[in-house]
Structures are given as structure tokens and as C-alpha cells.
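Below is one structure, written out as C-alpha cells; the observations come after it.
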Amino acid sequence: ALLELQMMDEKDPGLLRKITEIKSRILSIAQIHEAIYQNDKIELVNIDRYVKKLIGSSSIYKSKYTLNLKPVELNLNQAVPFSLILNELLLAVEQKNKGEEVTISLDMEGDEVNLTLSSKQSLELGNVEKGESYGLMIVSVLLDQLGASMDNEENGEKKCTIKFKKQNINGAGSNLV
């Protein structure tokens with residue numbers, strides 16, 4: 001609410017964009033923590049439900065999103081970086097592909113989690129390896145943390161796919177369960 005008030009008084013479009021990015025990061029972190037505490041097993045997060053809620057509850061995401069989500073539960077220590085990666089990719093979609101229709105697919109093949117963003121029009125996310133923006137630098141660091149790969153392809157449809165192995169990673173919160 002405080003960020004919303006700040007945005008109402010701000011006239012500088014660059015600063016408004018930065019406040020919007022900060023707001024979306026806070027929302028992403030808050031919603032992943034809410035998902036953690038609403039699950040019967042505190043160490044697991046239902047990621048498909050999280051994605052639906054994130055897309056549906058934020059006024060930040062204005063593009064048309066089609067969701068093709070299979071049930072996926074992630075360990076707390078993978079769910080948090082996953083949620084931040086997704087948020088940064090959605091911010092990139094909103095900044096560079098306004099109004100485009102984007103499909104978000106989530107599934108598992110064996111123990112590999114697959115997240116795909118695709119569009120028939122365009123899907124310009126920027127160069128993660130070069131860290132073209134602060135958000136893409138965050139994505140790069142978090143992809144390394146997950147041991148994930150990110151592939152972009154154009155085959156009539158533009159796709160960005162992130163793949164990583166589902167693991168039970170111990171971390172600071174692991175001693176609580």
C-alpha cells in the first residue's frame with residue numbers, strides 16, 4: 001500500500017517502472033511465503049497453485065496469460081528461487097511485450113521441472129547471460145542456484161524454457177521441519 005501511494009505521486013516514468021519492479025518482487029516473495037504456510041507440509045510448495053495466484057492477483061501483469069500447469073511440488077529451498085525467476089521473467093514480458101498473449105506451461109518429466117513461456121507474436125526477454133537489466137542479473141544468479149538451464153528458441157512460436165532437477169535441498173529452514 002505504501003508503494004501504491006508513492007506511485008500515485010510520482011511523475012518520472014523511470015522511477016515508476018522501478019517502483020513497480022520492487023512491488024512485484026515483494027508480492028512474489030509474500031505469495032511464496034503464503035503458499036508455504038497454507039500447505040499441509042511446510043517444507044513443500046504447490047508451485048502450480050502459486051503461479052495461478054501470482055498471475056491472478058497482481059495488477060502488474062497486464063498481458064494475457066494462458067496457463068497450462070501440471071501439479072508440481074517443490075522443496076522450500078527451490079520454490080523461493082523459482083518464484084523469483086518467474087517474477088523477473090514476467091516483468092520482462094510486461095516491459096518488452098506489452099499486450100502479447102503468453103502461455104505459461106509447467107510440468108515434470110521424471111525428476112526434471114520444466115517451465116516454459118511461449119508466444120506466437122514475440123517473446124523478448126533480454127539476454128540473461130549478459131545481465132542486460134537488474135532483473136536479468138537476478139535470473140542468472142538464481143538459475144545457477146537451482147542448477148537450471150534456460151533455452152530460448154524460435155520455431156514459429158517463441159519459447160523460453162527453464163529446466164532443473166527437483167531436489168530436496170537442505171537450507172536454513174530445513175531444521176524447522
With sequence neighbours left out, what residues match K166 under side-chain contact (heavy atoms from CB on, under 4.5 Å)?
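Expected list: E73, L74, Q78, M108, V113.
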So, using side-chain contact (heavy atoms from CB on, under 4.5 Å) as the criterion, who are the partners of D48 when residues are at least two apart?
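Checked D48 against side-chain contact (heavy atoms from CB on, under 4.5 Å); matches are N46, L69, P71, L106.
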Would a hydrophobic clustering, with Ile, Leu, Val, Met, Phe, Trp and Tyr connected at side-chain separations under 4.5 Å, put [X] with [Y]?
X    : Y    : answer
L86  : V141 : no
I47  : L44  : no
M137 : M150 : yes

Going from [atom1] on [X] to [atom2] on [Y], what distance comes out if it is rounded to the nearest 0.5 angstrom?
X    : Y    : atom1 : atom2 : value
L117 : C160 : CG    : SG    : 6.0 Å
K158 : S119 : NZ    : OG    : 7.5 Å
S118 : E154 : OG    : CD    : 12.5 Å
K159 : T103 : NZ    : OG1   : 9.5 Å

Is there side-chain contact between E112 and F164, with heavy atoms separated by less than 4.5 Å?
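No; the side chains remain at least 4.5 Å from each other.
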Does the side chain of Q167 come within less than 4.5 Å of N75's, by heavy atoms?
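A side-chain contact is absent here, since even the closest heavy-atom pair is not under 4.5 Å.
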Please name the residue in the list [options] that meets the side chain to side chain contact (heavy atoms under 4.5 Å, CB included) test with [X].
X    : options        : answer
S83  : I32, L142, I29 : I32
N87  : I85, L90, L91  : L91
I104 : T66, I55, N68  : I55

Any residue meeting side-chain hydrogen bond (donor to acceptor under 3.5 Å, both in side chains) with [X], in chain and number order, not counting sequence neighbours:
X    : result
N168 : none
N114 : D107
T161 : T116

Taking salt bridge (charged side-chain N to carboxylate O under 4.0 Å, His left out) as the definition, give me every residue that meets it alongside K165, ordered by chain and number, with sequence neighbours left out.
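Testing K165 for salt bridge (charged side-chain N to carboxylate O under 4.0 Å, His left out), a comparison that skips the adjacent residues, returns D111.
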Closest non-hydrogen atom pair, Q145 against N77
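Closest approach of Q145 to N77: NE2-O, 4.4 Å.
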Scan for salt bridge (charged side-chain N to carboxylate O under 4.0 Å, His left out) pairs involving residues 79-88, sequence neighbours excluded, and state none if there are none.
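Found R25-E88.
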